[in-house]
Protein chains: 2
Amino acid sequence: MKPAQLTQVIVDKIPSMRKSEAKVANLVLQNPLAMVEKRIVDIAEDADVSEPTVVRFCRAIGCKGFQDFKLSLAQQLAASPSFGQIAVKDSDSTKELSQKVFDSTVDSLLKVRDNLNLKNIDKAIRKLNEAGRVEFYGFGASAAVAADAQHKFFRLRINSVCYSDPHLQNMSASSLGKEDVVIAISQSGRTQALLDSIKLVQKQRGTVIGIAPSFSPVAKQSDIALEIDAEEEFQIFTPLSSRIAQLTIIDTLTIGVAQKKGDDLRDHLKRLQTGLKSLRCNH
Amino acid sequence: MKPAQLTQVIVDKIPSMRKSEAKVANLVLQNPLAMVEKRIVDIAEDADVSEPTVVRFCRAIGCKGFQDFKLSLAQQLAASPSFGQIAVKDSDSTKELSQKVFDSTVDSLLKVRDNLNLKNIDKAIRKLNEAGRVEFYGFGASAAVAADAQHKFFRLRINSVCYSDPHLQNMSASSLGKEDVVIAISQSGRTQALLDSIKLVQKQRGTVIGIAPSFSPVAKQSDIALEIDAEEEFQIFTPLSSRIAQLTIIDTLTIGVAQKKGDDLRDHLKRLQTGLKSLRCNH
DNA sequence: CAAATTCTTGTAAATTTTTTACAAAGTGGA
DNA sequence: TCCACTTTGTAAAAAATTTACAAGAATTTG
């Protein structure tokens, strides 16, 4: 496994820290990269605290000591080099630009990975495996995610459809039963039409798996909430990173279900691939 | 900046090393990962040399001292994780499963990032920025990617559509002109119908940007090829990682074009966001 | 509101770890 | 074999980290 996101751990633990430890934490977050070549005395001086406080800070975030802290931090930064300075400037070259886009995507994937609610993923996989019909609902940017998800579940030989039209959603939702599952996808977690559909599904006693930000109405309303809190590095555009995170969560569900279905499914997929071959160019 | 691959530097310098320094070098190469948590005394003992010899070894390969060596090594190892055993076993728990899915996605993103053809990305951004119409073509799993891409370009106020039906593709392709651009997306790079559409576009003197594996017919036929060679960790399923890589490349193009469009666009996006607010639930 | 308790922080000392200085051992050429 | 030079290890010094403890702040309780 890759090193967990140390910077994320630091952010999470700041509230429970002592005042002077928090000073160190803030210094580190301000410029993680600079820490790597500092000694304990330098950091103590810069943060205006004593050396033992720095050690206490290291222990507080789960490291064995100062060297261990530095090493973990260095490893995280090496894995995603431009952490903390990902904002795209107008002056960036194509090289810098593409690196930033890839790095920020990696960053948010790691962040989401470390905050997964495994219990709910497990529940979701179990439920999907036993489901009658599986429907995917999403609007706007999430419509493409829903379509992608539907395509994957279809390949697993699961009866699945995808609706990104509120009327079709409602009509279909009304026809669901208690063994059916709906996966509701939303970047904002506040789309009113989606909430309406969710309620309709629940009225029919269907199960709703929500993929949305924590504490959002969609997450709260869902029976099983898979929460995603990827900060978007590129604010003004349509969400980029969080959408990739959504897809990856769906991948996890897909593979989880496939694992449960076992060998039986494997044969089916092989046959499917053979079918596709005829559509291909062979030179 | 530090040399990219420390282990490579070590290999290169072994011939010019003293006998006991070479002992250390071999120990390090044998298991680089293990070095990270050792102290100088441990390494000295394991290599059967004295501690100063270890320090001399560190200096010989261009490091400032022992700590510097350890840090550099750790960084290299973190940056290029052993692309090893990610295959999912039937016995995997949900935790292991989701970690593997996320990690393998991260791995392929990093791999693709390091193999990007920047010149072509640059060309593509330039072309897209000047384009009249932009169309996205893709079938199967790539249809969702195309839909997602269309959605993003639409937000950039670029005249864009998406077709995942061969007839519509052909009809539309025939109506394109030389200032128009088509982005053709394919996981396999060998879909015959897509190749046909590409040829039609080129007959009309339109530009085709292909997102497909290296050396594939689609890549070869495209005017600007953006090649993606993500190994799929989960063989039997529909492609997972390479699709994420495709999306991220498209993100790069999107941001690149947005950057070129500048402030003008920023206002437009703000207005768009305000428009969407009315569709949201506010509690 | 003050006394007592607990929690936080820094000082100084101890320990660990790394680095340097130097001397011993080895190597090769005359 | 002897001399000059290189290589390597020992031991001491220096540097860096960690611990122990006490002073001071904050908080609770009578």
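Letters A, B, ... mirror the listed sequences (proteins, then strands); counts begin at 1.
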Return whichever of B:Lys38 or A:Val49 has its heavy-atom-nearest nucleotide of DNA chain C closer to the 5' end.
A:Val49
Using only atom types and a distance under 3.5 Å, with no angle test, would you say the side chain of B:Arg59 pairs donor to acceptor with the backbone of B:Lys64?
yes
Which ring pair (Phe, Tyr, Trp, His ring centres under 6.0 Å) pairs, counting each pair once, include a residue from residues 6-62 of chain A, with sequence neighbours left out?
A:Phe57-A:Phe69
On the nucleotide D:dG9, are OP1 or OP2 found under 4.0 Å from the side-chain N or O atoms that B:Thr53 carries?
yes
Calculate the interatomic distance between B:Ile40 atom CD1 and C:dT16 atom C1'; express it in whole Å.
13 Å
Verify the contact: side-chain N or O of A:Gln67 to OP1 or OP2 of D:dT17, cut-off strictly under 4.0 Å; return yes or no.
yes
Atom-to-atom span, CE of A:Met17 to P of C:dT8 - whole angstrom:
13 Å
To the nearest angstrom, the NZ-C1' distance between B:Lys19 and D:dG9 comes to 14 Å
Candidate nucleotides C:dT19, C:dT9, D:dG9, ranked by approach to the side chain of B:Arg59 - the nearest
C:dT19
Do any pairs count as a ring pair (Phe, Tyr, Trp, His ring centres under 6.0 Å) and have a residue in residues 7-45 of chain A, sequence neighbours left out, and if so which ones?
none
For the pair made of CD in A:Glu21 and C1' in C:dC7, what is the distance, rounded to whole Å?
12 Å
Taking the minimum atom-to-atom distance to the side chain of A:Arg39, which one of C:dG10, D:dA16, D:dT8 wins?
D:dA16
In this structure, how many angstroms lie between the C1' atom of D:dA15 and the CG atom of B:Asp68, rounded?
16 Å
For the side chain of A:Arg18, starting at C-beta, report the closest nucleotide among C:dT19, C:dT8, D:dG9.
C:dT8
When you match B:Val55 and A:Lys23 each to their closest nucleotide on DNA chain C, which lands nearer the 5' end?
A:Lys23
Between D:dT18 atom C1' and A:Lys64 atom NZ, what is the distance in whole Å?
13 Å
Proximity to the side chain of B:Phe66 - top-ranked nucleotide from C:dT19, D:dT19, D:dT8:
C:dT19
Whole angstroms only, please: what is the CG-P distance between B:Asp42 and C:dT17?
8 Å
Is it the case that A:Thr207 and A:Asp223 place a side-chain donor and acceptor less than 3.5 Å from each other?
no
Walk me through it: do B:Asp251 and A:Arg243 pass the test side-chain contact (heavy atoms from CB on, under 4.5 Å)?
CA-CA 11 Å; B:Asp251 284 353; A:Arg243 187 204 36 170; 2.9 Å; yes
With 3.5 Å as the limit, what N/O pairs link the protein to nucleotides 10-12 of chain D?
none

In whole angstrom, give the distance that lies between atom CG of B:Leu71 and atom P of C:dT18.
13 Å
Is it the case that the side chain of A:Lys70 and the backbone of A:Lys38 share a donor-acceptor pair, with hydrogens and angles ignored and the cut-off at 3.5 Å?
yes
Please determine whether a side-chain nitrogen of the Lys or Arg among A:Asp42 and A:Arg39 lies less than 4.0 Å from a carboxylate oxygen of the Asp or Glu.
yes
